[in-house]
Amino acid sequence: MSVENDALPVGQEHRSLDRLIRMFARFVSTGYLVYFVLLLPELRRTAYLTSPWWTWFCVIAVFGSGIVFGVVSFSKNITLIRYAGSLAALTYLVAALSWWFAWDDTLFDKGGNFLSAFPGLATLAAATVWPPIPVFIHLGTALLSVQLSNYVLREPFMTNPFVADLLFGIMFCTIFVAATLAALRTARILDATISRTQDDAAGSAAAEARAVERERFDALIHDGVMSSLLSVTRQGRTQSVVKQARSTLHQLDSLRANSTPTVVDMTEAIAQLRAAATDIDDSVTVVIDADRACDGDEPPTYPSDAVRAIGAALAEALRNSILHAGAAEQSVTIAARPGSLRVSVVDDGVGFDQSAVPPHRLGVAVSIRGRLRQLSGGSSHIISSPGTGTTVQLAWHDGAVT
């Protein structure tokens, strides 16, 4: 059984705010459903107080929009969920304010306006998707309207102080509304912190990878110069020595210009990837699967950025395996073809559940998935489950090569 999380869109690995919005939407929606069931007898009993259109508006629009808020929360489109929350909040407010136009002012009832039973719930819908100031304006307007309607409806039968009822409602509802706003603000801060941390980690990892690559490149240049000189002394001016010398001079020119080559050939790409693995563990088994049929006068080349990114991700995958796989055997397979590079890091260790990885663990998210996602033509695939080992597949493919 494999667990795959690569389908997440860019930047969505740790969307705490979106998850919290969905949770509150379902909570609010459940509240609307419960209140509808509880208030249905009262709604039918007090229907005579207002015009029929208002009663049906409450049944269909007010309670319906609240329930729809929860249903839409299962959608992947967070914007649609926000629209549904706004609709639920606004329809309650419209119902509370339009009551004054629907009420027959000659009729009274000690039960009052049934909307006064859940003004805080409607404001919770607003708090889930709106900024704080509009939320508290919604709360104050809704409470003022429904408490005032209660006051005028109950006046012949009850003489509750209007101001005291209004202040109690504001204080009671504010507790839950403020808690919701605080939770959502914490989620926003968490998302922003994770995003900044990932950016910093990605930048640090990229800088480290460039430094390591430059050191390795300098070593390759040194080896190329020495190899060319030795080849001249032993073989003389042969065609192969001339080609080797030209390649070395090209590398030296690139280094003198304070730049790195934009492409590397198959041999150098394999050497860099092998070095990335052995730098982490010099005893690791590295299997090379190269299409040697292409090693003619024009061997296949690969973007140096692709080789560097895959090498850095390979090193991180191998490092994670050594740290977390337990007593396991690791192996690395490098497959080089014209227009594609593929690397597999395999261990037979304890494996892991990817969905249980904490958000603050950035090794997989940044150093493997994030790095390959930013690479044009790059991809990563992780297959693991508890007890079955782990396979990390890294790849680059040239879109122009089919």
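Numbers here simply count residues along the sequence, with the first being 1. Just so it is clear, the model here is predicted, and its values are computed rather than measured.
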Exercise for the section: Please examine the side chains of Thr141 and Leu97, heavy atoms only from C-beta on, and report whether any two atoms are closer than 4.5 Å. Expected result: yes

Practice task
Check whether the side chains of Gln330 and Ser321 place a donor and an acceptor atom closer than 3.5 Å, and report yes or no.
Solution key: yes

Handout entry: Under the side chain to side chain contact (heavy atoms under 4.5 Å, CB included) test, residues paired with Ser116 that sit two or more places apart
Key = Val146, Asn150

Practice task
Could you tell me whether the side chains of Arg369 and Ser380 share a donor-acceptor contact shorter than 3.5 Å?
Solution key: no

Problem - Whether Trp99 and Trp103 hold their rings parallel, tilted or perpendicular, with breakpoints at 30° and 60° - result: parallel

Exercise for the section: Check whether any side-chain heavy atom of Thr50 sits under 4.5 Å from a side-chain heavy atom of Asp104, and report yes or no. Expected result: no

Problem - Any donor-acceptor pair under 3.5 Å from Arg26 side chain to Ser73 backbone - result: yes

Practice task
State, with a plain yes or no, whether a side-chain heavy atom of Val129 is found less than 4.5 Å away from one of Phe24.
Solution key: no

Problem - Donor-acceptor pair, side chain of His138 and main chain of Leu93, under 3.5 angstrom - result: no

Exercise for the section: Give a yes-or-no answer on whether the side chains of Trp100 and Ser145 include a donor-acceptor pair shorter than 3.5 Å. Expected result: yes

Practice task
Please assess Asp265 against Thr267 for the test side chain to side chain donor-acceptor pair (under 3.5 Å), listing each intermediate value before the final yes or no.
Solution key: CA-CA 6 Å; Asp265 60 24; Thr267 301; 4.6 Å; no

Exercise for the section: Tell me yes or no: between the side chains of Thr390 and Ser384, is some donor less than 3.5 Å from an acceptor? Expected result: yes

Practice task
Go through the side-chain N and O atoms of His397 and Ser340 and say whether any donor and acceptor fall under 3.5 Å apart.
Solution key: no

Completion exercise
Only one of Leu181, Thr123, Ile170 passes side-chain contact (heavy atoms from CB on, under 4.5 Å) with Phe136, and that residue is Leu181

Exercise for the section: Decide, yes or no, whether a salt bridge links Arg342 with Asp289 under the criterion of side-chain N to carboxylate O below 4.0 Å. Expected result: no

Practice task
Could you note down all residue pairs passing salt bridge (charged side-chain N to carboxylate O under 4.0 Å, His left out) where residues 36-51 supplies at least one of them, sequence neighbours left out?
Solution key: Glu42-Arg45, Arg45-Asp109

Practice task
Taking atom CZ of Phe162 as the centre, report whether more than 12 heavy atoms of other residues, nucleotides or ligands fall under 6.0 Å from it.
Solution key: yes

Practice task
Ignoring hydrogens and angles, tell me if any N or O in the side chain of Arg274 forms a donor-acceptor pair with the backbone of Ile288 under 3.5 Å.
Solution key: no

Practice task
Answer with yes or no whether the side chains of Thr333 and Ser344 bring together a donor and an acceptor at under 3.5 Å.
Solution key: no

Problem - Side chain Asp348, main chain Glu329, donor-acceptor under 3.5 Å - result: yes

Handout entry: Trp56 atom CH2: more than 12 heavy-atom contacts under 6.0 Å
Key = no

Handout entry: Criterion ring pair (Phe, Tyr, Trp, His ring centres under 6.0 Å) on Phe176 and Phe172, from CA distance to verdict
Key = CA-CA 8 Å; Phe176 300 97; Phe172 180 79; 5.3 Å; yes

Problem - Ionic contact status for Arg188 with Asp191, cut-off 4.0 Å - result: no

Handout entry: Sidechain-backbone polar pair: Ser29 side chain, Ala25 backbone, donor-acceptor under 3.5 Å
Key = no

Exercise for the section: Indicate yes or no: at least one non-hydrogen side-chain atom of Val332 is less than 4.5 angstrom from one of Leu314. Expected result: yes

Exercise for the section: Please tell me if the side chains of Val177 and Val135 come closer than 4.5 Å, counting only heavy atoms from C-beta onward. Expected result: yes

Practice task
Using a 4.5 Å cut-off on heavy atoms from C-beta on, say whether the side chain of Phe101 contacts that of Trp54.
Solution key: no

Problem - Sub-4.5 Å side-chain heavy-atom contact between Asn320 and Leu318 - result: no

Handout entry: Leu323 CG: over 12 foreign heavy atoms closer than 6.0 Å
Key = yes

Handout entry: Check: Ser379 main-chain N/O paired with Trp396 side-chain donor or acceptor under 3.5 Å
Key = no

Problem - For Phe63, the option from Tyr92, Phe36, Phe69, Phe57 that meets ring pair (Phe, Tyr, Trp, His ring centres under 6.0 Å) - result: Phe36

Handout entry: 4.5 Å side-chain heavy-atom contact, Phe352 and Ser385
Key = no

Problem - Test item: side-chain donor near acceptor, Ser75 and Asn77, under 3.5 Å - result: no

Practice task
Would you check if the side chain of Arg82 reaches a backbone N or O of Trp130 as a donor-acceptor pair within less than 3.5 Å?
Solution key: no

